[in-house]
There are 2 protein chains.
Amino acid sequence: MASHAKFAEIAALAGDPSRAVMLHALMDGRALTASEMARAASIAPQTASDHLARMVAAGLLSVVKQGRHRYHRLASPVVAQMMESIMLVASDLEPAQPKLTVGPRDKSLRAGRTCYDHLAGRLGVALADALVMGGHVELADDAGLVTNTGVAFLGGIGVDIDALMARRGKRSKRVLCRPCLDWSERRPHLAGVLGAALCTHSFKNGWIRHIDGTRAVMVTPKGRRIYREQLGVQLE
Amino acid sequence: MASHAKFAEIAALAGDPSRAVMLHALMDGRALTASEMARAASIAPQTASDHLARMVAAGLLSVVKQGRHRYHRLASPVVAQMMESIMLVASDLEPAQPKLTVGPRDKSLRAGRTCYDHLAGRLGVALADALVMGGHVELADDAGLVTNTGVAFLGGIGVDIDALMARRGKRSKRVLCRPCLDWSERRPHLAGVLGAALCTHSFKNGWIRHIDGTRAVMVTPKGRRIYREQLGVQLE
DNA sequence: TCGATGCTACGGTCGTCACCGTAACATCTT
DNA sequence: AAGATGTTACGGTGACGACCGTAGCATCGA
């Protein structure tokens, strides 16, 4: 098959509105069932099942069977990264007119949310800003790195860079963050290995919590204190 | 408009086979006319014109009018990056079966080609390898950086990092390269600011040349010598 | 064992869109 | 001025696919 055809197939799969909603629902890294996504996309379960089967066949999603449930998740971080890049183009081109329909749900999403495996929204951008400001991380448009002082600092709050690299490709100790342009803030937040580590660490220590079962994230009082004292981040 | 809808619109535009061919034809950064792309995609000029108008309206392409010609190009590097990420997913999932239809044209593309504004194929991967081997660049899966010795070395062969940063965001001197997984080699080559600079510099100094008017790139004898003596790259 | 639930298989309908033919317009050439 | 070339406008056709209803299979709870 020509590479163009495969390219078009992948893009076309992401290009259907219903499938787009389903893919977005998976962007927090969780695994969902067919009926859950059917409800999210406002379509019948049969239709959702059809969509899911096709995306699994194409390799966009992976599926695990558990009892009478079939849990679908994004096949790999590469897929999430692809979606982020499409979102970036889509938001870039969005007309600069004021958003009219910003419901309360959108509002909490803008405050903070998970984006596959890292933090986004005002929270994600604020953390990225603070780390850059403190000289712990350096960012450019298309790459980022952790400084030597950053390695030490992150170790101090419980994020062990060496351990991270041991588990990964470990090609370079300092190269492990990726800037990811935030669609609501239009400024970069931290993705990549560091972004993922910071996110899971924050959840594990009770600094942040998911609102209901959604992607939206709230900062706990404890987290608010930590972020302020350690990073100098003043939220809200 | 909900963000999902805009997302789906962009993906759907890239998802049509004919449009995919046209977009790929623009991946070298050149600007092409409607009829040229119609020929590339094997469709009538009217159809191509329709496709182009839609992509321009969506902001994927930009157009400049010159006489009776209308030159279309990718609207921004962000679009090229999006396409690369889709290509990555598409190639990742490609069945591991041996490629049957590898014509001579594909062959020269695999040897070396431009990918929007940087070098790809065996040439691009070899250059990236050499720079990593020499300690001038550090790469991970999702980010990269130029070392201090790398800044000096690149200056020696005519690529001025400081000048590059002055023209760009210049947030960090060493952060300016992005690894971009090569679809034919399945290994990273250099993209980002550094990748683009290295590419244009190589063209300007006559180290490489385009084959006919295609994306395929050949290394000149002079370039072969430079690459070998300066970088230790042995091509073929 | 029986009903309930999650999911998939199949067939049919309807809307959307890629495509081209015809035609009009703009620009360059002679 | 007249023909050639590049491009867009419009209308019609044909095909693909998103969607759901019905039906069948697997699994869980009683």
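Here the structure is a predicted model, which means the values were calculated and not measured. Heavy atoms only: backbone and side chains are in, while hydrogens, waters and symmetry mates are out. Protein chains get the first letters and strands the later ones, always in sequence-line order, with residue 1 at the start of each.
For the pair A:Met55 CE and C:dC7 C1', the computed distance is 15 Å after rounding to whole Å. A:His69 has its NE2 atom 17 Å from the P atom of C:dA4, to the nearest Å. With rounding to whole Å, B:Leu13 atom CG is found 17 Å from C:dT16 atom P. Residue A:Tyr71 contributes atom OH, which lies 15 Å from atom P of D:dT27 at whole-angstrom precision. One interatomic measurement links the two molecules: CD of B:Glu9 to P of C:dT16, which rounds to 15 Å at whole-angstrom precision.
DNA chain D is contacted by both A:His51 and A:Gly67; A:His51 maps to the nucleotide lying nearer its 5′ end (nearest heavy atom per residue). Two residues, A:Arg68 and A:Ala48, neighbour DNA chain C, and the one matched to the more 5' nucleotide by heavy-atom proximity is A:Arg68.
Checking C:dC19, D:dT8, D:dC20 against the side-chain heavy atoms of A:Ile43 singles out D:dC20 as nearest. Comparing C:dG21, D:dT7, D:dC19 by their nearest atom to the side chain of B:Gln46 picks out C:dG21. Taking every side-chain heavy atom of B:Ala44 into account, C:dC20 is the closest of D:dT7, C:dC20, D:dT5.
Using a 4.0 Å cutoff on non-hydrogen atoms, the parts of residues 27-42 of chain A near DNA chain C are A:Thr33, A:Ala34, A:Ser35, ordered by number.
Between A:Thr200 and A:Asp117 the shortest side-chain heavy-atom distance does not fall below 4.5 Å. Counting heavy atoms from C-beta on, the side chains of A:Gln81 and A:Tyr116 never come closer than 4.5 Å. A 4.5 Å side-chain heavy-atom check between B:Val64 and B:Arg73 finds every atom pair outside the cut-off. By the 4.5 Å heavy-atom criterion applied to side chains, B:Leu74 and B:Leu61 are counted as neighbours.
The base of D:dT27 lies outside donor-acceptor range of the side chain of A:Gln66, with no N or O pair under 3.5 Å.
Note that SG of B:Cys199 and NE2 of B:His201 are 11.5 Å apart. Values are rounded to the nearest 0.5 Å.
For A:Arg19, a side-chain nitrogen or oxygen approaches OP1 or OP2 of D:dA18 to under 4.0 Å. Distances shorter than 4.0 Å separate some side-chain N or O of B:Thr47 from OP1 or OP2 on C:dC20. Regarding contacts with the backbone of C:dA18, a side-chain N or O of B:Arg54 is found under 4.0 angstrom from either OP1 or OP2. Dashed line: the shortest gap from a side-chain N or O of B:Arg70 to OP1 or OP2 of D:dT8 is under 4.0 Å. Contact check, B:Lys65 against C:dA26: no side-chain N or O comes under 4.0 Å of OP1 or OP2.
Note on A:Asp50: nothing from the nucleic acid sits closer than 4.0 angstrom, heavy atoms only.
Ion pair A:Lys6/A:Glu9 flagged as a salt bridge, since at least one NZ, NE, NH1 or NH2 atom sits closer than 4.0 Å to an Asp/Glu carboxylate oxygen.
Relative ring orientation between B:His118 and B:His189 is described as tilted, the plane-to-plane angle lying within the 30° to 60° band.
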